[in-house]
Enquirer: 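A single structure is presented below for examination.
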2 protein chains.
Amino acid sequence: MNRHTPRIRDVARVAGVSTATVSRALSKPEVVSAATLEAVRAAVQATGYTINQSARNLRQRRTMGVVALVPNLANPFFSRIMAGVSAVLAPAGYNLLVVDTQGPGVERHIARTLDRSRADGLLVFDGTLPADDLLPDRQSPPVVMVCEWIEGLATPTIRVDNAAGARLAMAHLAGLGHRQIGHLLGPEGNVLAQARAQGARAALAERGLPVREDWFFPGDFSLESGRRGACEWIARPDRPTAVFCASDEIACGFIGEVQRRGLRVPKDVSVVGFDNIELVAHITPALTTICQPRRAIGEAAAKVIIALMEGDAAPGGHKVLPLELIERDSTSSPRN
Amino acid sequence: MNRHTPRIRDVARVAGVSTATVSRALSKPEVVSAATLEAVRAAVQATGYTINQSARNLRQRRTMGVVALVPNLANPFFSRIMAGVSAVLAPAGYNLLVVDTQGPGVERHIARTLDRSRADGLLVFDGTLPADDLLPDRQSPPVVMVCEWIEGLATPTIRVDNAAGARLAMAHLAGLGHRQIGHLLGPEGNVLAQARAQGARAALAERGLPVREDWFFPGDFSLESGRRGACEWIARPDRPTAVFCASDEIACGFIGEVQRRGLRVPKDVSVVGFDNIELVAHITPALTTICQPRRAIGEAAAKVIIALMEGDAAPGGHKVLPLELIERDSTSSPRN
């Protein structure tokens, strides 16, 4: 990227406001105060920053590529979302390319992707990327956040209500008669993990059930963290009779270790996952889980990015898709 | 692609030889006969075909991107290979982008990728793509085939010995005392599936064990085909006591259905998979499988594509990496 081309952050610095405010002032002037609008307008002039829509459009269809930045290609959760994205992008003439944001050298890759000559649009599945890099800018392609989000960022976002999903899981377990329910957490600092944990705590508190922080076991969405969580669960003298896991991979690692130690699911512990990846219908016992509408998420994200790439400045903003609980064999009433 | 620029296939037609021979004559003139070399040289002149190495080099680092064409992003088999590819590409300054060749609009995508302005190099994991498109050409970036291959194509290939992997699986089952061994096949026409089936048949025949085509159940590497295979296995009056599955996903689908029907693994049937995806160590019973050195495959592929992108015309050709059997809990001696 050319460091001398004024970017939105230069405008923000000169105006003495946040980049998010600049973005709002330029896209929806009616939502900011007159004083702020004037400061931003003056800063735009002073820096030479321009949003040249026709130049944008001219360059727009140059690559015909949309890049998806995903935090972990190894997680099968993303595959069906990608199928939904492709199903909408392909008929519109766009290609989908996928990049793993956890790989080495990714910072450089993202910087390049944010140059419009590399991609016409960007689908960002990773809420830990620097917010400043994702603000709309004439140098960078339009961005849609998918699944994860960044607090305070006005970028259009397609996601599910993770807290509501956690409530579904807890309501199911409480409905079966469980009174001691634990949670195997996702990675610290991850917005999805935080929303699921918050929903889980709220659902327990509402029912007057104990919210025991020592039953909220650390994890990171991985199989291995599920296995470790099972070791911690087994080691406790006062084990919860049910565990809601923040991802299906955590649940698979948890169930595998519990069964290897000679305990039974659901007889000794009921387990609920989150995601409904394809494989969990085939494990024994088949996993009760929160189903994310992955194909619909992908399709919705593709529709919004196409609208943005084709010049619609405000194609609908945030969209929250519904979740449902799929009851299988890993949950039952508690023994005692 | 400009249809009027002479391509290697035009040279082949004029010289009256195959495109593979032209490729060999240009990259390793010492391995073809003097007469062939002369015919190819004359055809190169007649068609105006040129390999302009300095122009190649000038353009070479333009995108700094390597595109991996994979047949199914949803298959977790590819994720660790990609980690190995990235680990080598990133320090060399290249990005990795992944495209699913089974998605809609893929033909168009591949045609674009084969234009050097879109990618500096191509890693092809799909042996069903048209061979002609993958021949070296001054318009197209260098190509390395990974895992899958195309018969007769001289493109450098990194793979494992799939037939030898199948032999390991069969030797393990025969060593446990099984005399009635079946195979759940991969997709018809897939080179990996064919090599595994061929290795399985050869290993049975060598031991004087029955090679029963009605015990070679159709499949397609998917969970669902494993489930269907289990239904067929259960329905047979003369069930084989062990089944070697052409992929881990087939094995998971198979075991899931067998257990759902109230039969036991390995007591009623021993099962061996192929790939060693991460999840199969966590299912119950943990899966005995053939481990592919996925990270090493990715690293080797990245090294060869870098050598090609940086001007080494013949960086080593075909490479076959070793396989090993991981014994877990899904195999045991037969009951009777």
Side-chain angles (χ1 to χ4, degrees), chain A residues 63-65 67-68 70 72-76 78-80 82-83 85-100 102-106 108-110 112-113 118-119 222-224 226-227 249 252-260 265 277-279 281-286 329, chain B residues 63-65 67-68 70 72-76 78-80 82-83 85-100 102-106 108-110 112-113 118-119 222-224 226-227 249 252-260 265 277-279 281-286 329:
Chain A
T63 76
M64 295 310 289
V67 170
V70 305
N72 180 8
L73 256 181
N75 187 337
F78 293 109
S79 57
R80 194 158 296 175
M82 295 305 152
V85 170
S86 281
V88 173
L89 286 183
Y94 293 97
N95 302 309
L96 174 66
L97 297 106
V98 184
V99 172
D100 191 327
Q102 305 299 302
V106 156
R108 187 179 53 230
H109 194 110
I110 293 167
R112 275 188 204 139
T113 309
R118 303 289 174 183
S222 73
L223 286 158
E224 174 55 24
R227 196 194 61 74
E249 296 218 314
C252 288
F254 183 90
I255 291 173
E257 184 66 17
V258 165
Q259 292 182 332
R260 194 161 16 258
V265 177
I277 60 174
E278 195 185 359
L279 215 144
H282 297 269
I283 64 170
T284 306
D329 308 325
Chain B
T63 76
M64 295 310 290
V67 170
V70 305
N72 180 8
L73 255 181
N75 186 336
F78 293 109
S79 56
R80 193 157 296 175
M82 294 306 152
V85 170
S86 282
V88 173
L89 286 183
Y94 292 97
N95 303 310
L96 174 66
L97 298 105
V98 183
V99 173
D100 192 325
Q102 305 298 303
V106 156
R108 188 179 52 230
H109 195 110
I110 292 167
R112 275 187 205 139
T113 308
R118 302 291 175 182
S222 73
L223 286 157
E224 174 55 24
R227 196 193 61 74
E249 297 218 312
C252 288
F254 183 90
I255 291 174
E257 185 65 17
V258 165
Q259 293 181 332
R260 193 162 18 258
V265 177
I277 60 174
E278 195 185 359
L279 214 143
H282 297 270
I283 64 171
T284 306
D329 307 326

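Throughout, protein chains are lettered first and strands after them, A, B, ... in sequence-line order, and every chain is numbered starting at 1.
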Enquirer: Checking Q259(A) now: which residues fulfil side chain to side chain donor-acceptor pair (under 3.5 Å) with it, not counting sequence neighbours?
Expert: T284(B)
Enquirer: Could you pull out the closest heavy-atom pair between V99(B) and L96(A), with the gap in Å?
Expert: CG2-O, 3.7 Å
Enquirer: Does some side-chain heavy atom of L279(B) sit less than 4.5 Å from a side-chain heavy atom of C252(A)?
Expert: yes
Enquirer: Is there side-chain contact between L97(A) and V98(B), with heavy atoms separated by less than 4.5 Å?
Expert: no
Enquirer: Can you list the residues that meet the side-chain contact (heavy atoms from CB on, under 4.5 Å) rule with E257(B), with sequence neighbours excluded?
Expert: R227(B), A230(B), C231(B), R260(B), R261(B)
Enquirer: Starting at CD of E224(B), measure out to CD of E278(A) and round the result to the nearest 0.5 Å.
Expert: 8.5 Å
Enquirer: Below 4.5 Å from any heavy atom of chain A, which atoms of A281(B) appear? Answer side chain, backbone, both or neither.
Expert: backbone
Enquirer: Does any non-hydrogen side-chain atom of I283(A) lie less than 4.5 Å from one of H282(B)?
Expert: no
Enquirer: Please report the interatomic distance CG(N95(A)) to CG(D100(B)), rounded to the nearest 0.5 Å.
Expert: 12.5 Å
